[in-house]
J.: 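Sharing a structure below in C-alpha cells format, with a few things to ask.
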Amino acid sequence: MRIYRWMLLAATMAGVIAGRELATDGSNAQGDAQFEVVILHGRVMDPETSLDAVRNVGISGGKIREISEKELRGKEVIDARGLVVSPGFIDLHQHGQAAKNYEFQSRDGVTTSLELEAGTNDVDTWYAEREGKSLINFGVSVGHIPIRMKVMHDPGAFLPTGDAAHREASSEELTKISEGIDHGLKRGALAVGMGINYTAAASHDEILDVFRIASAARASVHVHLRHAGLQEPTTGLVGLQEVIADAAATGAPLHVVHITSMGLKNTPALLAVVNGARARGVDVTTECYPYIAGSTSLESAIFDDGWQERQGITYKDVQWTKTGERLTAETFAKYRKEGGVVVIFSIPEEAARAAVSDPMVMIASDGMPLTGAKVHPRGQATFSRVLGHYVREEKALDLMTALRKMTLMPAQRLEKRAPAFQGKGRLRTGADADITIFDPQTVIDKATFEEPLQFSSGIPFVLVNGVTIVKQGQFVAGVLPGRAMRAPIP
Ligand SMILES: [Zn+2]
C-alpha cells in the first residue's frame, strides 16, 4: 500500500512537470496545468470497480493519473458534462486492418482493433506494416487458415479455395503447419486464430494439435467452428462440442467467434453449452455482433454444395457487396467464380438479441476490409449499435453490462498471455488513457446495409494512449498514437 502511494505521488508529480512544460497555448488551456489532458464533469463508468459517478480525469504521458471529484487543471480540457466517460472499446475481431477501417472504428468508440479469427502467417511483417502509422491500437493472432494456405499452396486470396479447404494435410504438411503456428506465437502473436469451416478437410487430430501448441503458449484459440447451422450431423452445436472437448483436454483457452452465425436460431442452445462448460471450469468465452446477417467470401468452402440446407437460406438471402444486389442461381455461379464478399441474411433477430443481452458474451464486430460499396456495416457501427439500439432503445441490457462486454472482458481474455492488456479496458489510475466519451441519449449506428460507409454518431471524443484523436465529433489532424498490442517475445 505504501509503495502504491509513492508510485501515485511520483506519477502525479511527473504529470505536474509535464503539464507545466506543455502549458503554452490552445483555446481550452488552463494556466498552471497539472495534466496534459483533463476530462471534466463526465459520468465516469468503470466496469472493473463498478464506479459510476461524476468525476474528473487527469491524463499525462499516455496514462490516467488521477480520477477525482476535485477540479483538475489541464493543458487540454474536455468538457464531458452529460456524457459517459468509458474505457475505449476493444474489438477482438476485425478483419479490416487498414487506415480507413481504423477511422470508422475510432468513430464507433474503438481504441484497440484486433484481427484474431483469421490472423496472419507472418506476425513480424504484419506488425511492421502498422507500427507508427496507426490511429488506434492494433494486434493479430497467428492464423491456422493462412498458415495452412501457405503450406498447401492454396490459390485463395483471404480464405482458401483449393487444397487448404478441401484436402487433408500430409504428415509433412502437418509438421509445417505446427511449426508455423509455434513460430508465430514465439514472435508475439496475441492468440491463435482458426476457421475450421473454411478448412473443412482439416482432420480432428490436426485441430487438436493446434490446441496443444496454443496451450503451451497460454494463448487463447479464437475459433470459427467447423459447422454452423441446423442440419444434423453438421450443426453449430456439433462444431462447438468439438472445440470444447479440445479446450478441456489441452487446457488451451477457447474463444468462439460470432456465436450467432454459428447457432442461427439454435443460438440459445449454444450459449447454454458455453455457460455450462464455464460453470464446470473450462476456460471458454464467446462473442457476437449485433446484426441479423453475416458476411464472408462467396468463393469459400462455406458455399460448397449443400449451403442452402446447411444455412437454411437461399440465393435471395445473399447480397453481393460490390453492388448490393441479391443473388440468383446465375449470378451466384458467376460471382463465385469471380470471387468477392457477400452479406448473408441468416441470423434471426431473436438469436442476435439473445447473444447481445447475455452478460457472458463479448461484443466484437467481425468487420470486413472495405472492398465494396455495400459491405457489411458491422465493422463501422457494431459498438454504437449495441449502446444506442440494444441498450437505449430496446433495453435489452443495461449500460454497465454493455460496456463490460466491450472493454474489460476482451482485455481479460488476452491479459494472461499479453500483460499489456492489464492496462486496457479499465478506467482507473495507472491504466492506459484509451478513453471513449459518448452521449448515452444520442449514441447510435449510422452505417446500414444500404449505406454502410457512415460514421457512428453521439461519440464526440476518443483518446488513444492519452492523445485526443476525435474531438467534438471530428478527427484531430496529424495524430497516429496507436500502438502494437503484442505478447512478450521470449
Ligand atoms: Zn468467421
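Bear in mind the structure is a predicted one, so any value in this text is a computation, not a measurement. When a ligand or atom number is given, it counts from 1 through the structure's own listing order. If you read the sequence from its start, that first residue is 1, and numbering goes on from there.
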J.: Does R413 pair with D283 as a salt bridge, N-O distance under 4.0 Å?
T.: yes

J.: Does a donor on one side chain and an acceptor on the other come within less than 3.5 Å for H166 and D304?
T.: yes

J.: Is the charged tip of R378 near the ring of Y289: under 6.0 Å from the six-membered ring centre and within 45° of its axis?
T.: yes

J.: Using side chain to side chain contact (heavy atoms under 4.5 Å, CB included) as the criterion, list what pairs up with T175, not counting sequence neighbours.
T.: E179

J.: Can you count the protein N, O or S atoms that lie less than 2.8 Å from the Zn ion (ligand 1)?
T.: 3

J.: How would you list, by chain and number, every residue that makes a ring pair (Phe, Tyr, Trp, His ring centres under 6.0 Å) with F475, sequence neighbours excluded?
T.: F455

J.: Taking side chain to side chain contact (heavy atoms under 4.5 Å, CB included) as the definition, give me every residue that meets it alongside V151, ordered by chain and number, with sequence neighbours left out.
T.: I147, E173, K176, I177

